[in-house]
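Scroll down for the structure; my scribbles are underneath it.
Bear in mind the structure is a predicted one, so any value in this text is a computation, not a measurement. Counting begins at 1 with the first residue of the sequence.
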Amino acid sequence: MMWQLAQLERLHEIEPDIVDNAINELFEKETSLKEKVIIGAYIDGDINFGKTAELMGVHPVKLREMFLSKGIPVKIGVESKEEMLAEGFAAREIRERSR
């Protein structure tokens, strides 16, 4: 199975739209997989808490509650100006979508 992932990564360099569309279709069909990938990216530090909330389509407060109930560590506060701006932007996007 790992060879398929390696090939998708290589194909993404040449034809990113094909790979992105395939992944988006997979995530639409397998929502639990999408959630696990997003949470994994958060835990690994690839995305911040605000981006995690945005990608999962939940308010940051609700996501914090969900993470704490599942034993997922929640980083309190931001460590950089960039993280602060990203979290604020993500919260604003979610608020506007819910109107």
### Query
Are V58 and I43 connected in the hydrophobic side-chain network, where two residues link if heavy atoms are under 4.5 Å apart?
yes
#### Entry: Partners meeting salt bridge (Lys or Arg N to Asp or Glu O under 4.0 Å) with K51 (sequence neighbours left out)
E54
### Message
Could you check whether any side-chain heavy atom of L68 comes within less than 4.5 Å of a side-chain heavy atom of E65, counting everything from C-beta outward?
### Response
no
### Query
Nearest 0.5 Å, what's the CD-CZ distance between E93 and F89?
3.5 Å
### Query
Could you give the distance from CD1 (I94) to NZ (K62), rounded to the nearest 0.5 Å?
11.5 Å
Solution key, residues 33-41 side-chain donor-acceptor pairs under 3.5 Å, sequence neighbours excluded:
residue: E35; atom: OE2; partner: K70; partner atom: NZ; Å: 3.1

### Query
Honestly curious: do L55 and L26 fall in one hydrophobic cluster under the side-chain, below-4.5 Å linking rule?
no
### Query
With sequence neighbours left out, which residue pairs that include part of residues 16-45 fulfil the ring pair (Phe, Tyr, Trp, His ring centres under 6.0 Å) condition?
Y42-F49, Y42-F67
### Summary
Shortest non-hydrogen pair, G50 vs A90, comes out as O-CB, 2.9 Å
### Residue pairs, two or more places apart or on separate chains, that pass salt bridge (charged side-chain N to carboxylate O under 4.0 Å, His left out) and touch residues 4-31
none
### Query
Can you find a heavy atom in the side chain of R64 that is under 4.5 Å from one in the side chain of V61?
no
